[in-house]
> 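Here it is: the structure, laid out below.
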Number of protein chains: 2
Amino acid sequence: MVSSVDVAKLAGVSQATVSRVLNNPEKVNAPTLEKVKAAIQQLNYRPNAAARSLISRKSGIIALFCGQLDEPDNAEFANKAVMNAQQKGYTVEIHIQNPDKPESVFDAILDTQAEGIMMGPLIIKGTAVEYLKTSGIPYIFCGSGGGQEGITVGMDNHAAGKLAAEYISSLEPETVGWLGGDPSDLRLQERYQGFVEAMKESGVRIVKVTGDLEDIELPFTAMMAQKQRPDVIVAATDSFGIFALDFLYDYGYAVPEDVAVLGIGNSRQSAMNYLSLSSIGLPDDMDMVAEAFDRLSAMIENNGQGSRGSADVNPVVYERRTTKTY
Amino acid sequence: MVSSVDVAKLAGVSQATVSRVLNNPEKVNAPTLEKVKAAIQQLNYRPNAAARSLISRKSGIIALFCGQLDEPDNAEFANKAVMNAQQKGYTVEIHIQNPDKPESVFDAILDTQAEGIMMGPLIIKGTAVEYLKTSGIPYIFCGSGGGQEGITVGMDNHAAGKLAAEYISSLEPETVGWLGGDPSDLRLQERYQGFVEAMKESGVRIVKVTGDLEDIELPFTAMMAQKQRPDVIVAATDSFGIFALDFLYDYGYAVPEDVAVLGIGNSRQSAMNYLSLSSIGLPDDMDMVAEAFDRLSAMIENNGQGSRGSADVNPVVYERRTTKTY
DNA sequence: CCACTGAGTGAATACGTATTCATACGAGGG
DNA sequence: CCCTCGTATGAATACGTATTCACTCAGTGG
């Protein structure tokens, strides 16, 4: 491995000068600057990141925590987050939650040398806050809260549930099915809460079903087998909405004539023509990840201080073909 | 920051002993072992990764290069790769290619301190090999080659094209449309080549259209506007196949009666009921990413030696509703 | 001509850990 | 009882870089 000492020797200067060329080029005389740069070129020298971060205490790394990327919502988030970080010159260390042992991913919080931590969509995140606090690394939750103490940027999930309730009321349903996903996901809890509260007065019957995408089929089938089956389905997540569409197609239902379906999240997929899933989501012009990232980098630069507090964005309705016949 | 020296002081031992407790616990006496472990607990000590990797010359990092994660194929790849790496105790550094300046992501190859590099689906990858070589870090291409010199594990793209040709011949098409994607993607070139070679004898008319997913609409529309429009469409990628389905739906075509559609890649999405896109892909029991990762870690452990050479896996046909009426 | 300034540079040091080398000590064989 | 050997530990060193401190030297003002 070629070190800054090698470069110094070749250029006939001290190692300190090489370091200055890299970090404070304005502090070194033009002729020596050129000499050193030439030596760097010639030796194809690259500074050792470990040594650099050891002394400067800056790693240039952002740690990203999120759920499985085969879930399009998660992938979309990760993509935006990484692109944002890369653009600002950070390297991204990605940690993906294993659904079988969701807590284990948080160990990485304590081992990482990242300068900032971005918490994305995760199944379980409650305990993460403890880890984050003891790590002392600036962090932010994006898209869903980490409980009371998490600094969050994201959709107001309670409002989303409420909005879903208000919107589907216009469809005059008799029975509404709530397709809920993992009940330990705080985000989904909040959505359901908002939904139920807003539905309370209407007196409409509500049926709820929860579970992972993998094992939701059976309970959902049971729900549809009831005599008084839902004529509107609200999915806590677009993915569950898509699952519902898939199921309904298979079982011979017409959407939205027999059963209307509304998702939450307004993922990219939902807007595609072949799906055209109605959904509740953030306004189109709102880039949540960028917002969160700006806050996070501000926290890093201010040494963990400032820019705290959460931002809850009000969602809007995207009406598409699964709730409306044209 | 609490260091191993602090732990040593508290435990009444030397720093060297603390290090031994972490790395060679069998070399330290039971009573001292306990003392040190207790001190570690008490101080909530975590070894500094930078210092550790500076001296051990092992970072425990795998660098992952791939295309945008909003493309489901890419996301699926990234997910598998990360899960594999995490399971083996590696931390994953992810680098996503910006479509606007696809080459720029390769700079990271020279700056990274990763122990191994996994090259996934990328738009352009030809020049990457040069970077990889000068970096001296073990690397592997997964899913598509990096030219002659890349070590690759993946689907035999040429064979996939050929298989696509053989399969659609059974549909007895008059005109076949090839929906090709970015022409600089080597993977897609190979698929097309295999396809054309196998079609040559049949004398069937072939129409080809290329471009990014964003700007494929116009040329595709033009293709469908021709008098002799395709009755079978082969998409170089499932994503393009899905685009085609979306388009055909919009324009009033019946699939597969009016136009049949075949994708390549057999992505997860394609198997969903609402799409049911026929596709060419790897056998179900073949986990390409795991295979690639095994090879990569072998190369890392053998210090860059051994386990070279490529593995081209033969694809199979997944026949679904976009090519077959039941 | 001298004191002073400021720019440019090198020597030395620090960062936190792994490892080598040396040392102390207890056990076992003669 | 002495020598040897093996085990357990500490002191010292190395990794590659950033930064502090001290030094030189040319230029300036008195």
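In this text the structure is predicted, and so the values were computed from the model without any measurement. Throughout, a chain's letter reflects where its sequence line sits, starting with A, and its residues are numbered from 1.
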> Report the residues that fulfil side-chain hydrogen bond (donor to acceptor under 3.5 Å, both in side chains) with Ser14(A), sequence neighbours left out, ordered by chain and then residue number.
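Partners of Ser14(A) by the side-chain hydrogen bond (donor to acceptor under 3.5 Å, both in side chains) criterion, ordered by chain and then number, come out as Thr17(A).
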> Would you mind reading off the distance between Arg57(B) atom CZ and dT17(D) atom P, rounded to a whole angstrom?
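Going from Arg57(B) (CZ) to dT17(D) (P), I get 10 Å.
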> Nearest whole Å is fine: how far is dA14(D) P from Leu54(A) CG?
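Leu54(A) atom CG is separated from dA14(D) atom P by 17 Å.
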> With sequence neighbours left out, write down each residue that passes side-chain hydrogen bond (donor to acceptor under 3.5 Å, both in side chains) with Asp287(A), or none if nothing qualifies.
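For Asp287(A) there are no side-chain hydrogen bond (donor to acceptor under 3.5 Å, both in side chains) partners, ignoring immediate neighbours.
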> Let me check something: any side-chain donor-acceptor pairs from residues 76-87 of chain B under 3.5 Å, sequence neighbours excluded? List them with distances.
from: Glu76(B); atom 1: OE1; to: Arg268(B); atom 2: N; distance (Å): 3.2
from: Asn79(B); atom 1: OD1; to: Leu69(A); atom 2: N; distance (Å): 2.7
from: Asn84(B); atom 1: ND2; to: Lys80(B); atom 2: O; distance (Å): 3.1
from: Gln86(B); atom 1: OE1; to: Ile96(A); atom 2: N; distance (Å): 2.7
from: Gln86(B); atom 1: NE2; to: Ile96(A); atom 2: O; distance (Å): 2.9

> With rounding to the nearest 0.5 angstrom, report the CD1 to CD distance, Ile137(A) to Gln113(A).
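With rounding to 0.5 Å, CD1 (Ile137(A)) is 9.5 Å from CD (Gln113(A)).
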> Scan side-chain atoms only and decide if Ser53(A) and Lys58(A) contain a donor-acceptor pair under the 3.5 Å cut-off.
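On atom types as modelled, these side chains do not qualify, holding no pair under 3.5 Å.
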> Which pairs, with at least one residue in residues 45-65 of chain B and sequence neighbours excluded, count as a ring pair (Phe, Tyr, Trp, His ring centres under 6.0 Å)?
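Pairs touching residues 45-65 of chain B that pass the test: Phe65(B)-His95(B).
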> So, are Asp107(A) and Lys101(A) salt-bridged, with charged N and O less than 4.0 Å apart?
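Looking at Lys101(A) together with Asp107(A), the answer is no, because their closest N to O distance does not fall below 4.0 Å.
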> Enumerate the protein-to-nucleotides 18-21 of chain C contacts in which both atoms are nitrogen or oxygen and the separation is below 3.5 Å.
from: dA18(C); atom 1: OP1; to: Asn23(B); atom 2: OD1; distance (Å): 3.4
from: dA18(C); atom 1: OP1; to: Asn23(B); atom 2: ND2; distance (Å): 3.1
from: dA18(C); atom 1: OP1; to: Arg52(B); atom 2: NE; distance (Å): 2.8
from: dA18(C); atom 1: OP1; to: Arg52(B); atom 2: NH2; distance (Å): 3.2
from: dA18(C); atom 1: OP2; to: Ser19(B); atom 2: OG; distance (Å): 2.8
from: dA18(C); atom 1: OP2; to: Asn23(B); atom 2: ND2; distance (Å): 3.1
from: dA18(C); atom 1: N7; to: Gln15(B); atom 2: NE2; distance (Å): 3.3
from: dA18(C); atom 1: N6; to: Gln15(B); atom 2: OE1; distance (Å): 3.0

> What is the distance, to the nearest angstrom, from the CD atom on Gln113(B) to the P atom on dC15(D)?
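Going from Gln113(B) (CD) to dC15(D) (P), I get 18 Å.
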> Expressed as a whole number of angstroms, how long is the span from Asn48(B):CG to dC15(D):C1'?
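So the two atoms are 13 Å apart, to the nearest Å.
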> Any N/O pairs under 3.5 Å between the protein and nucleotides 24-26 of chain D? List them or say none.
none

